[in-house]
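Throughout, protein chains are lettered first and strands after them, A, B, ... in sequence-line order, and every chain is numbered starting at 1.
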Amino acid sequence: MLKIYNTLSKQKEIFHPIDADKIGIYVCGMTVYDYCHMGHARVLVMFDVITRHLRRCFPKVEYVRNITDIDDKIIARAIENKEDIYSLTNRFIDAMHEDERALGVLPPDIEPRATDAMEQMFYMVKSLIEQGMAYQASNGDVYYSVRKFAAYGKLSGKNLDDLEAGARVDVNSDKKDPLDFVLWKMAKTGEPSWASPWGHGRPGWHIECSAMSTHHLGNHFDIHGGGMDLSFPHHENEIAQSEGANGGTFVNTWMHVGFVNINDEKMSKSLNNFFTIRGVLENYDGETLRYFMMSSHYRSPLNFSDDNLNLAKTSLTRLYTAIRGLSAGSAATDEVSQRFDFETRFSAALDDDFNTPIALSILFELAKFINSKRDKDIDQAQALAQLLIKLGGYIGILQLQADVFLKHTPNNTDAGLSDAAIDAKIKQRNEARANQDFATSDRIRDELTREGIILEDGSDGTSWRRK
RNA sequence: GGCCGGAUAGCAAAGUGGUUAUGCAGGAGCCUGCAAAGCUUUAUAGACCAGUUCGAUUCUGGUUCCGGCCUCCA
């Protein structure tokens, strides 16, 4: 029984799909004018975990994640670079896809772009104007009349009068109410623009998501998500637009992923304390990054630091060490895995609002069993290793050959000793050991240790891994 | 000012009204030529103050501190 925390009700709810044969989920994606940072990575990874689990729970899941490829920052950056907005956005869309693959994130089913959704936005804005919920101001911009939507504030728990009292500057005199937000912006000279019923211009930020989500998933769909910072005003405005234009409920379940923090402060572009995914990938592999993201619950803050990343790497190393040498073989269910209900408990953890820390803890239990069985009952160890790999696969980890993970260099470059050179050293060392020449064998091991190579002598020979 | 979260052992991070979270690090032991890995075992918690209860880290109220949103942001 799947339970999801709904921002709308501020509590965990049993998830009741609108149509159990087809789940619709929409996630607000990136604004593509720069490389993705760790905050984006968290949203990418967590909604990947979420959709992977949903796909196991339901026969069909339609996962839509948009790309915002037109907005003020994109225009500003394109002007700065003296480049066309499409060449800018295409470049960063490619970079985003590259980052996504490195993190083991599966592509969404549909990835619509704002610039392809103009007609759908026009349709929605028209509907809002016709119903008197939006108006074109004297400067030509079209605004949403927030006061016309009685339920405004239901997602963020905000009260219009409190908002107004606390509203900071930027009061646009063309707005009827300072809280009104823009649906369509008139183009200034030199700006990219689209012909619309209200003149040449471009869409406001919020309308694209209302238009694209309802276009692909219908006026009423199951889940809408994004980063915590989108709940207000972005998602609040989406509700106002979609429910204002179409009537009825827009989305049943709203999900928000917590922030990535640096020294307990939000990582953000405006604070300029962000780390890009590709920057971090120079020192840590994608799977370690992914594990790090899953090591805390998706709604909790996640503190980004080398210590925590290294912890993730060590943890993942333990899991891969458990399956090393055992990955081949049949996946027979065995008495131990049944007795301890690993798979049931693993799924139950994910069913409980996608509790990845619990799910991971079950993988460690499994690893412990494998380690304690491998010398006594290889078949059972084999079967448990298969199960560990299978459960890991449910959340997108442990799909490499153990040795590939354990021997890789941080950024998969060929720094330091080659594998062949390491094997040669190990051979020399083992010859020395066979001759009881421990001074030589220890010297070789020390040499390798300095190169970041750790040796492990086992009953079936010496294996190695990179630190 | 308004509205939300959070405070768990050395670090990271969950569940839970009474019984081992889990990972890393630490102690002891086994294994090993010695290590590493692994196994066994062990110590170290629940910001503070009240209340409810036979019993609270878990529920309620208050205090303090931290973070977020109210402005573009995942």
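For the C1' atoms, the distance from B:rG68 to B:rG10 is 28 Å, rounded to whole Å. Using P as the reference atom, B:rU53 and B:rA9 are 30 Å apart when rounded to the nearest Å. Comparing the C1' positions of B:rG61 and B:rC39 gives a spacing of 49 Å, expressed to the nearest Å. The C1' atoms of B:rU32 and B:rA13 are separated by 33 Å, rounded to the nearest whole Å. Between B:rA12 and B:rA74, the two P atoms lie 27 Å apart (nearest whole Å). For the C1' atoms, the distance from B:rC65 to B:rA47 is 8 Å, rounded to whole Å. To the nearest whole angstrom, the two C1' atoms, one in B:rA14 and one in B:rA21, are 7 Å apart. The C1' atoms of B:rU64 and B:rG23 are separated by 31 Å, rounded to the nearest whole Å.
One interatomic measurement links the two molecules: CG of A:Leu179 to C1' of B:rC69, which rounds to 15 Å at whole-angstrom precision. What separates CG of A:Asp446 from C1' of B:rA36 is a distance of 12 Å, to the nearest Å. Taking atom CD1 of residue A:Ile454 and atom C1' of nucleotide B:rU32, one finds them 17 Å apart after rounding to whole Å. Here the C1' atom of nucleotide B:rA74 and the CG atom of A:Leu271 are 14 Å apart, to the nearest Å. Across the protein-nucleic acid pair, A:Asp375 atom CG and B:rA37 atom P stand 16 Å apart, rounded to whole Å. Rounded to an integer number of Å, the gap from CD of A:Glu236 to P of B:rC72 is 14 Å. Distance, A:Lys467 NZ to B:rA35 P: 18 Å, rounded to whole Å. Between the P atom of B:rG6 and the NZ atom of A:Lys266 lies a distance of 18 Å, rounded to the nearest Å.
A donor-acceptor pair under 3.5 Å links the side-chain atoms of A:Asn6 to the main chain of A:Asn252, judged by distance alone. Panel note: side chain A:Asn81, backbone A:Leu88; no donor-acceptor pair is recorded below 3.5 Å. Checking side-chain atoms of A:Ser315 against main-chain N and O of A:Leu311 turns up a donor-acceptor pair under 3.5 Å.
Within the nucleic acid shown, A:Arg345 has no heavy atom closer than 4.0 Å to any nucleic acid atom. Within the 4.0 angstrom heavy-atom criterion, base atoms lie near A:Gly258. Here A:His37 lies in heavy-atom contact (under 4.0 Å) with a base. At the heavy-atom level, A:Asn308 lies under 4.0 Å from the strands shown only through sugar-phosphate atoms. When heavy atoms are screened at a 4.0 angstrom cut-off, A:Leu455 is found touching base atoms of the nucleic acid. Looking at heavy-atom distances under 4.0 Å, A:Phe438 makes contact with a base. Within 4.0 Å (heavy atoms only), A:Val27 reaches no atom of the nucleic acid at all. When heavy atoms are screened at a 4.0 angstrom cut-off, A:Asp457 is found touching base atoms of the nucleic acid. Here A:Asn371 lies in heavy-atom contact (under 4.0 Å) with sugar-phosphate atoms only. Contacts of A:Gly227 with the nucleic acid, taken as non-hydrogen atoms under 4.0 Å apart, involve only primed sugar atoms and P, OP1 or OP2.
With centroids closer than 5.5 Å and planes inclined by less than 30 degrees as the test, A:Phe259 and the base of B:rG68 fail to qualify as a stacked pair.
For the pair A:Lys269 and A:Tyr33, the distance from NZ or CZ to the six-membered ring centre is under 6.0 Å and the angle to the ring normal is within 45 degrees. For the pair A:Arg65 and A:Tyr26, the cation does not sit on the ring face, since its NZ or CZ is not both under 6.0 Å from the ring centre and inside 45° of the axis. Seen from the ring of A:Phe232, A:Lys158 counts as a face-on cation partner, given the 6.0 Å and 45° thresholds. In this structure, A:Lys266 satisfies the cation-pi test against A:Phe259, with its NZ or CZ atom closer than 6.0 Å to the six-membered ring centre and inside 45 degrees of the ring normal.
For A:Leu311, the side-chain atoms get nearest to B:rG23 when compared with the rest of B:rG23, B:rA21, B:rG5. In the set B:rA14, B:rC4, B:rU22, B:rU22 carries the atom at the smallest distance from any side-chain atom of A:Phe364. Here the side chain of A:Ser300 is nearest to one of B:rC34, B:rA12, B:rA14, namely B:rA14. The side chain of A:Thr321 lies closest to B:rA37 when the candidates are B:rC3, B:rG23, B:rA37. Listed candidates were B:rG23, B:rA74, B:rA37. Nearest to the side chain of A:Arg324 is B:rA37. The listed nucleotides are B:rC34, B:rA13, B:rA74; the one nearest the side chain of A:Met267 is B:rA74. When the nucleotides B:rA74, B:rA13, B:rA37 are ranked by their closest atom to the side chain of A:Glu456, B:rA37 comes out on top.
Checking the phosphate oxygens (OP1, OP2) of B:rA37, no side-chain nitrogen or oxygen of A:Ser463 falls inside 4.0 Å.
At a cut-off of 3.5 angstrom, counting only N and O atoms as typed in the model, there is a donor on one side and an acceptor on the other between the side-chain of A:Arg445 and the base of B:rA35. Between the side chain of A:Lys73 and the base of B:rC72, a donor-acceptor pair under 3.5 Å is found. At a cut-off of 3.5 angstrom, the base of B:rG15 holds no donor-acceptor pair with the side chain of A:Asn355. In the interface, the side chain of A:Lys368 is not paired with the base of B:rC39 through any donor and acceptor atom under 3.5 Å apart. For A:Arg318 against B:rC24, no side-chain N or O and base N or O form a donor-acceptor pair under 3.5 Å.
With both pairing distances under 3.5 Å, B:rU16 is matched to nothing as a Watson-Crick or G-U wobble pair. When both pairing distances are held under 3.5 Å, B:rA50 makes a Watson-Crick or G-U pair with B:rU60. Figure legend. B:rA45 is base-paired to no nucleotide; pairs are counted as Watson-Crick or G-U wobble with both atom distances under 3.5 Å. In a base pair of the Watson-Crick type (N1 to N3 plus N6-O4 or O6-N4) or a G-U wobble (N1-O2 and O6-N3), with each distance short of 3.5 Å, B:rA35 is matched with no nucleotide. In this structure, B:rU40 and B:rA28 make a Watson-Crick or G-U wobble pair, each of the two defining distances being under 3.5 angstrom. The base-pairing partner of B:rC3, taking Watson-Crick or G-U wobble contacts with both distances under 3.5 Å, is B:rG68. Using the Watson-Crick or G-U wobble rule with both distances under 3.5 Å, B:rA9 pairs with nothing in any strand shown.
The nearest heavy atom of RNA chain B to A:Arg429 and to A:Met228 marks one nucleotide each, and the one closer to the 5' end goes with A:Arg429. Heavy-atom nearest nucleotides on RNA chain B were determined for A:Asp264 and for A:Ile358, and the one closer to the 5' end corresponds to A:Ile358.
In this structure, A:Ser268 OG and A:Asn261 CG are separated by 10.5 Å, a value rounded to the nearest 0.5 Å.
Salt-bridge annotation for A:Asp48 and A:Arg52: present, with a side-chain N of the basic residue lying under 4.0 Å from a carboxylate O of the acidic one.
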Worksheet item: Are A:Phe221 and A:Phe250 close enough, and set up right, to give a ring-ring contact (aromatic ring centres under 6.0 Å, His included), and what steps lead you there?
Response: CA-CA 7 Å; A:Phe221 59 94; A:Phe250 173 40; 5.3 Å; yes
